[in-house]
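Working notes, beginning with the structure itself.
As a basis for the values below, the full set of heavy atoms in this structure was taken, side chains included, without hydrogen atoms, waters or symmetry mates. In what follows, every chain begins at residue 1, and chains take the letters A, B, ... in the order their sequences are listed. If you're wondering where the values come from, they're calculated on a predicted model, not measured in any experiment.
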There are 2 protein chains.
Amino acid sequence: MLISTQISIFDVLQLIYHTRKKWTYNLATETSVNERPYINITNLIWSFDHDSNCVNLLLVKRSEWPFENRWALPETFLRSNEDADESALRLVKEKIGLELADFHTEQLATFTHQTRYPGSRSLSLSYMTFLPDMPKLDPGYGTTDARWFAMSFNESQYLFSNGDQQFATAADTNHDEYYAKLDANQLADNQLAFDHSWILKVACDRIKNKLDYQPNILLMLGTSFTLKSARRVYAAFLKKDVNQIDNSNFKKNHKHLFVEVGITTSNRPGRPARKYQLAYLPA
Amino acid sequence: MLISTQISIFDVLQLIYHTRKKWTYNLATETSVNERPYINITNLIWSFDHDSNCVNLLLVKRSEWPFENRWALPETFLRSNEDADESALRLVKEKIGLELADFHTEQLATFTHQTRYPGSRSLSLSYMTFLPDMPKLDPGYGTTDARWFAMSFNESQYLFSNGDQQFATAADTNHDEYYAKLDANQLADNQLAFDHSWILKVACDRIKNKLDYQPNILLMLGTSFTLKSARRVYAAFLKKDVNQIDNSNFKKNHKHLFVEVGITTSNRPGRPARKYQLAYLPA
DNA sequence: GCAAAAGTGTTCACATTACACCCATGA
DNA sequence: TCATGGGTGTAATGTGAACACTTTTGC
């Protein structure tokens with residue numbers, strides 16, 4: 001059936017390209033040239049501001065089509081000599097330089113909706129990285145600006161703010177409804193490019209769901225952390241105030257996840273807090 | 001740096017193909033032609049045999065390179081006119097025909113290791129489908145056989161058997177270690193093609209982890225199910241005997257997930273069992 | 001010593017477990 | 001009426017929430 005669609009000179013060129021691998025293509029059933037979409041690696045890079053005690057997300061201002069001059073999650077193309085997670089790590093290095101040696105990247109999901117990328121087919125292989133620091137940012141290729149956006153929330157969404165700019169996670173909770181509306185919404189100034197508000201929503205939900213059994217998000221607190229800072233992170237994703245999470249209970253409920261590794265030294269009044277690490281080692 | 005690698009006529013053709021989209025490529029930094037890998041959709045199709053009370057998985061015998069004449073998870077190529085989840089559904093329809101109207105597909109993960117596919121770069125976008133029935137199978141394109149394999153387990157692996165054939169999930173628990181060994185193992189007769197034993201391991205772990213909060217796997221029991229059959233599914237993934245899961249406690253612990261919808265009629269001795277459904281509706 | 005920050009302990013409510021008991025059906 | 005499969009109830013144990021209390025620091 002697909003053979004009935006128009007075939008351009010580019011399709012033919014692509015076919016020639018394909019055949020160098022001695023792969024036999026069956027046009028009628030298995031393929032057409034358009035089946036090789038762009039492979040975008042999208043990386044949600046998280047960090048924690050120890051001054052403001054806020055969770056932060058890295059956003060970039062695009063300089064190229066599509067969505068030039070608009071804010072988006074950092075993206076790159078998958079290269080032939082790297083796995084997708086290596087590609088996500090490379091993206092981190094491009095934005096923050098190489099001063100950080102040790103950080104954790106994990107897969108979020110893959111987004112394949114046909115209209116997610118205007119003009120051409122593109123898949124987003126999305127990853128999340130938790131940085132143990134909040135370094136200065138370097139916009140790098142394809143972007144004119146890169147900034148940290150502090151996370152907050154309202155009843156139905158998470159919000160990410162830097163100065164006047166504020167972006168929210170998708171308001172829809174249903175995948176199909178979100179993408180059905182996506183075309184019409186593409187020009188709203190307070191929205192992230194592409195389907196990034198949806199990707200961001202999926203990310204926040206995932207992080208929240210993993211808090212009680214695999215809180216890799218705490219890696220953004222550094223190699224060790226105090227219970228108070230951990231509670232701040234939990235509170236941010238649970239849409240609570242820190243003080244709504246009782247420290248005594250928090251410690252008891254998560255003792256299987258945390259292991260004590262030392263004590264803080266501080267110049268402020270009050271008993272110094274103990275330091276903890278994740279008891280499991282994220283691969 | 002990438003510009004220093006050899007450039008073939010095919011690279012040039014691919015570039016011409018690319019430029020029709022008016023996308024400006026920066027060879028030195030962002031791309032090379034090999035960055036458009038094959039997009040394989042891998043679908044793990046699950047079902048339940050009500051006669052043997054076993055969880056079953058669909059495997060196919062490949063007829064084409066690579067791994068011709070070997071068993072593998074069913075795969076297809078992503079087409080230009082479908083999302084990846086639609087592609088996974090199409091794969092189901094090709095294997096089982098169209099007699100089943102209502103079934104659920106969800107994303108598992110995306111596998112991108114450079115050596116996962118011999119000879120060329122290929123990404124696997126993996127999905128899972130839970131069939132409410134165990135229909136006759138149709139091998140379809142690229143395969144000579146398609147069969148149900150019954151799931152069992154040993155201490156460290158899940159096993160899938162049909163007659164003499166038995167395949168196991170990956171023995172490694174570490175991603176990097178698995179892929180480091182993959183080349184050497186490719187020819188063992190009792191192994192699935194590609195990295196499918198790893199994908200299958202990831203799938204089983206995912207299903208197990210979701211049993212207590214989103215047991216979509218129960219959709220393979222049909223539109224409604226008895227507590228006993230649900231316990232059988234749980235037991236299979238928890239590596240227990242059905243009787244190790246107390247019925248009374250099972251009901252109490254999962255009452256937020258199940259809702260009573262009727263009663264079974266049976267010709268056997270014993271009180272008829274009640275029928276339940278998932279209380280939430282998987283999208 | 002006092003205030004501030006953090007860690008500890010106690011109580012109560014509720015959930016989970018183990019296991020005994022009761023109910024509905026076919027032969 | 002008995003064997004069989006399935007549902008219900010209960011006491012003991014374990015877990016989480018609320019909140020009071022103790023410890024350690026800076027000033």
Side-chain angles (χ1 to χ4, degrees), chain A residues 48 50-53 208-215 218 221-222 224-235 237-279, chain B residues 48 50-53 208-215 218 221-222 224-235 238-277 279:
Chain A
F48 189 79
H50 288 278
D51 298 322
S52 65
N53 291 315
K208 183 179 166 187
N209 283 328
K210 290 181 84 168
L211 285 180
D212 282 336
Y213 76 99
Q214 205 178 80
L218 294 183
L221 296 175
S224 66
F225 51 84
T226 64
L227 288 186
K228 181 108 181 194
S229 58
R231 274 162 52 214
R232 279 195 247 264
V233 174
Y234 276 59
F237 284 95
L238 295 170
K239 299 188 175 184
K240 288 184 177 178
D241 185 79
V242 203
N243 300 315
Q244 287 180 269
I245 305 176
D246 182 274
N247 188 57
S248 170
N249 296 332
F250 183 77
K251 182 179 180 180
K252 273 181 280 188
N253 295 345
H254 300 93
K255 59 175 181 286
H256 59 294
L257 295 170
F258 305 154
V259 55
E260 203 178 318
V261 290
I263 204 160
T264 53
T265 53
S266 69
N267 301 323
R268 49 147 190 72
R271 180 171 175 170
R274 305 216 178 144
K275 291 191 293 188
Y276 296 84
Q277 275 184 359
L278 290 178
Chain B
F48 189 80
H50 288 277
D51 298 323
S52 65
N53 290 316
K208 183 180 167 187
N209 283 329
K210 289 182 85 168
L211 285 181
D212 281 336
Y213 76 99
Q214 207 177 81
L218 294 182
L221 296 175
S224 66
F225 51 86
T226 64
L227 288 185
K228 181 107 182 193
S229 58
R231 274 162 52 215
R232 280 195 246 264
V233 174
Y234 277 59
L238 295 171
K239 298 188 175 185
K240 290 183 175 178
D241 186 79
V242 202
N243 300 316
Q244 289 179 269
I245 305 176
D246 183 274
N247 188 58
S248 169
N249 297 333
F250 182 78
K251 181 179 179 180
K252 274 180 279 188
N253 296 344
H254 300 93
K255 60 173 180 285
H256 58 293
L257 295 171
F258 305 154
V259 54
E260 202 178 318
V261 290
I263 204 159
T264 53
T265 54
S266 68
N267 302 323
R268 49 147 188 73
R271 179 169 174 171
R274 304 210 179 150
K275 292 191 291 188
Y276 296 84
Q277 276 183 358

Query raised in the report: Where do B:Leu227 and B:Phe258 land on the side chain to side chain contact (heavy atoms under 4.5 Å, CB included) test, with the steps shown first?
Result: CA-CA 9 Å; B:Leu227 288 185; B:Phe258 305 154; 3.9 Å; yes
Requested in this report: List in chain and number order the residues that pass side-chain hydrogen bond (donor to acceptor under 3.5 Å, both in side chains) with B:Asn53, two or more places apart in sequence or in another chain; answer none if no residue qualifies.
Outcome: B:Arg232
Report task. Tell me, please, which residues at least two apart from A:Lys210 pass side-chain hydrogen bond (donor to acceptor under 3.5 Å, both in side chains). Result -> A:Glu106, A:Gln214
Does [N] have OP1 or OP2 sitting under 4.0 Å from an N or O in the side chain of [X]?
| X | N | answer |
| --- | --- | --- |
| B:Asn253 | C:dT17 | yes |
| A:Asn247 | C:dG7 | yes |
| A:Arg274 | C:dA5 | no |
| A:Lys251 | C:dT8 | yes |
| B:Lys228 | D:dG5 | no |
| A:Arg268 | C:dA6 | yes |

Query raised in the report: Does A:Ser248 get its side chain close enough to the base of C:dG9, under 3.5 Å, for a donor-acceptor pair?
Result: yes
**Report entry** Donor/acceptor link under 3.5 angstrom from B:Arg271 side chain onto base of C:dT25
**Finding:** no
Take atom [atom1] of [X] and atom [atom2] of [N], then tell me their distance rounded to the nearest Å.
| X | N | atom1 | atom2 | answer |
| --- | --- | --- | --- | --- |
| B:Phe258 | D:dG7 | CZ | C1' | 16 Å |
| A:Lys255 | D:dG16 | NZ | P | 7 Å |
| A:Gln244 | D:dC19 | CD | P | 13 Å |
| B:Asn249 | D:dG6 | CG | P | 16 Å |
| A:Leu238 | D:dA17 | CG | C1' | 15 Å |
| A:Asp246 | C:dA5 | CG | P | 17 Å |
| A:Lys275 | C:dA6 | NZ | P | 14 Å |
| A:Asn53 | C:dA5 | CG | C1' | 14 Å |

Query raised in the report: How would you label the contact of A:Lys252 with the nucleic acid (heavy atoms, under 4.0 Å): base, sugar-phosphate, or nothing?
Result: base
Query raised in the report: Between D:dG9, C:dG26, C:dG7, which nucleotide has the shortest distance from any of its atoms to the side chain of A:Ala273?
Result: C:dG7
Requested in this report: Could you please name the option among D:dC19, D:dT4, D:dG26 that lies closest to any side-chain atom of B:Pro269?
Outcome: D:dT4
Requested in this report: Can you see which heavy atom on A:Tyr234 is nearest to which on A:His254, and at what distance?
Outcome: CE2-NE2, 3.6 Å
Requested in this report: Spell out, as yes or no, whether a donor-acceptor pair under 3.5 Å connects the side chain of B:Arg231 to the backbone of B:Ile245.
Outcome: yes
